[in-house]
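Reminder, nothing fancy here: chain letters follow the sequence lines and each chain counts from 1.
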2 protein chains.
Amino acid sequence: MSFDKSRSAGVLASEIARLYTAALQRRLAPLGLSPAQFLVLSELWSEDGQTQRMLTARLGVEQATMANTLGRMERDGQIERRPHPDDRRAQIVSLTEAARALEAQATAVAREANAVVLGGLPVAEQELFLSMLGRIVSALRAGEGVPPS
Amino acid sequence: MSFDKSRSAGVLASEIARLYTAALQRRLAPLGLSPAQFLVLSELWSEDGQTQRMLTARLGVEQATMANTLGRMERDGQIERRPHPDDRRAQIVSLTEAARALEAQATAVAREANAVVLGGLPVAEQELFLSMLGRIVSALRAGEGVPPS
DNA sequence: TAGCATTAAACAGCATGCTATGCAATAATA
DNA sequence: TATTATTGCATAGCATGCTGTTTAATGCTA
């Protein structure tokens, strides 16, 4: 009859997401970063000089969301946008020195925030939990997401 | 060194949350409801006539978030706010007829959206997964959240 | 009882996410 | 080659979440 939040995978996942984001934000704030900015940076740290389109695809958010986030990152001096040499529609997103310098610290605190989440389970179950999350994401992307045309 | 999103419990949970919210939104839209509105309604369906403070505590969001959501729900004709008989600061939030009529359908589609999420796992693992989510939420609330003073 | 603290809501301002549109540049095709 | 389709981004507008501040009503206490 009624809806039991405490047994809803979606509601529980959303709550974990909110608490994780808050934990990460508290740790990133001293570095001048936000959670979404961190994700973009982590992509650029592994490969600098990507187009907005590539970043959008790899992080799995909508193009407009990425455009807004990149706008804030440019405003905050984390990235620069330079014209694409071959395609005048596109731009190359590249790290500033300031952003490059944050990699070690930011990665460390992000790992810490994730450890806090996993810390809710005994070590013996953590690996299985990660595996379950991964399988669910794959299934949802395949089933509910936009079909890859 | 670098940050691996695909092994981050927080990132994966956030992604499941986004995909779940989208799946739920698609199903609720024909009823004129949004995911956050559904959660408030589900609370009111089980006990009508609560104060904003009670709803805030039970759904675990901030007071300001709840005030905004209730504002949209009032605008959309789902709830009414009436003065509290004993406390002139407070208001009683009660369901409109229209909102009361949606319970069965809305609950059904929400269950469906949750089934889609759990569907990413074999049935044998679903119960364990729910238990893990619940334990993590409890641990995070206790550890990182605002201490219950 | 006067004054301070607490509580219930509202409001302001911001970050992230989304959809829908619009625009310019590039590609494909009739 | 002229049209049409596609692609890469930007913008607008909205929902949800947060923090911080303000206001009004209540409660407590010296």
Side-chain angles (χ1 to χ4, degrees), chain A residues 11 14-26 28-29 32-40 50-57 59-76 78-79 81-93 144-146 149, chain B residues 11 14-26 28-29 32-40 50-57 59-76 78-79 81-93 144-146 149:
Chain A
V11 170
S14 300
E15 184 136 6
I16 292 171
R18 272 196 297 139
L19 293 166
Y20 163 73
T21 299
L24 182 56
Q25 178 160 33
R26 272 196 294 279
L28 287 175
L33 295 180
S34 69
Q37 293 174 347
F38 167 75
L39 280 184
V40 173
Q50 301 189 49
T51 62
Q52 184 184 118
R53 189 187 172 288
M54 294 166 70
L55 290 170
T56 296
L59 292 187
V61 298
E62 292 301 315
Q63 172 266 319
T65 298
M66 181 59 67
N68 283 332
T69 297
L70 290 177
R72 284 185 292 269
M73 294 177 74
E74 190 169 33
R75 177 200 66 190
D76 296 349
Q78 295 159 7
I79 58 161
R81 284 147 145 163
R82 32 185 81 261
H84 190 291
D86 303 334
D87 187 337
R88 269 179 301 168
R89 291 169 303 184
Q91 300 178 64
I92 299 292
V93 176
E144 287 272 323
V146 186
S149 81
Chain B
V11 170
S14 300
E15 183 136 8
I16 292 171
R18 272 197 296 141
L19 293 165
Y20 164 74
T21 299
L24 181 56
Q25 177 160 34
R26 273 196 295 279
L28 287 175
L33 296 181
S34 68
Q37 292 174 348
F38 167 75
L39 280 184
V40 173
Q50 303 189 48
T51 62
Q52 186 187 113
R53 189 186 172 290
M54 294 166 71
L55 290 170
T56 297
L59 292 187
V61 298
E62 292 301 315
Q63 173 265 322
T65 299
M66 181 58 68
N68 283 333
T69 297
L70 290 177
R72 285 186 291 269
M73 294 179 73
E74 190 169 34
R75 177 200 64 191
D76 296 348
Q78 294 158 7
I79 58 162
R81 283 147 145 162
R82 34 184 80 262
H84 189 291
D86 303 333
D87 187 338
R88 269 180 300 168
R89 293 170 304 183
Q91 299 177 64
I92 299 292
V93 176
E144 289 272 322
V146 185
S149 79

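Evaluation of the side chain to side chain donor-acceptor pair (under 3.5 Å) rule for Q50(A) yields R58(A) as partners, not counting sequence neighbours. Shown here are the side-chain contact (heavy atoms from CB on, under 4.5 Å) partners of A17(B), two or more places apart in sequence or in another chain: S14(A), A17(A). Checked against side chain to side chain donor-acceptor pair (under 3.5 Å), R75(B) has no partners two or more places apart in sequence or in another chain. Annotation: side chain to side chain donor-acceptor pair (under 3.5 Å) contacts of Q25(B) (sequence neighbours excluded): none.
With distances taken from any side-chain atom of R75(A) to the nucleotides dA15(D), dA10(D), dA15(C), the minimum falls on dA15(C).
A distance of 11.5 Å separates CG of L59(A) from CE of M54(A), quoted to the nearest 0.5 Å.
Counting non-hydrogen atoms under 4.0 angstrom, T21(B) reaches nothing in the nucleic acid. Among the atoms of the strands shown, none is found under 4.0 Å from any heavy atom of T56(B).
When the nearest nucleotides of DNA chain D are assigned to L39(B) and I92(A) by heavy-atom distance, the more 5′-ward of the two goes with I92(A).
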Below 3.5 Å between N/O atoms, which protein atoms pair up with nucleotides 23-27 of chain C? Just atom names and distances, please.
from: dA25(C); atom 1: N3; to: R89(A); atom 2: NH1; distance (Å): 3.4
from: dT26(C); atom 1: OP1; to: R88(A); atom 2: N; distance (Å): 3.1
from: dT26(C); atom 1: OP2; to: R88(A); atom 2: NH2; distance (Å): 3.0

Scan nucleotides 18-21 of chain C against the protein and return all N/O pairs shorter than 3.5 Å with their distances rounded to 0.1 Å.
from: dC18(C); atom 1: OP1; to: R18(B); atom 2: NH1; distance (Å): 3.2
from: dC18(C); atom 1: OP2; to: E62(A); atom 2: N; distance (Å): 3.0
from: dC18(C); atom 1: OP2; to: T65(A); atom 2: OG1; distance (Å): 2.7

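For R81(A), the CZ atom counts as densely surrounded, since its 6.0 Å shell holds more than 12 non-hydrogen atoms of other residues, nucleotides or ligands.
Atoms CG (L33(B)) and C1' (dA15(D)) sit 14 Å apart, rounded to a whole Å. In this structure, L70(A) places its CG atom 8 Å from P of dA10(D), rounding to the nearest Å. The CD atom of Q50(B) sits 14 Å away from the P atom of dA8(C) (whole-angstrom rounding). Spacing between atom CZ of R53(B) and atom P of dA25(D) amounts to 19 Å, rounded to whole angstrom units. Rounded to an integer number of Å, the gap from CD1 of I16(B) to P of dG17(C) is 16 Å. A straight line from CD of Q52(B) to C1' of dA24(D) spans 14 Å, rounded to a whole angstrom. In this structure, L24(B) places its CG atom 19 Å from P of dG17(C), rounding to the nearest Å. Following rounding to the nearest Å, L19(A) (CG) and dC18(D) (C1') show an atom-to-atom distance of 13 Å.
Contact annotation: R72(A) side-chain N/O to dT16(C) OP1/OP2 distance is under 4.0 Å. In this model, the phosphate group of dA10(D) is approached by a side-chain N or O of R81(A) to a distance below 4.0 Å at OP1 or OP2.
Looking only at side-chain heavy atoms (C-beta outward), V61(B) and L39(B) stay at 4.5 Å or farther from each other. A 4.5 Å side-chain heavy-atom check between I16(A) and I16(B) finds every atom pair outside the cut-off.
Without hydrogens or angle criteria, D87(A) side chain to R89(A) main chain gives a donor-acceptor distance under 3.5 Å.
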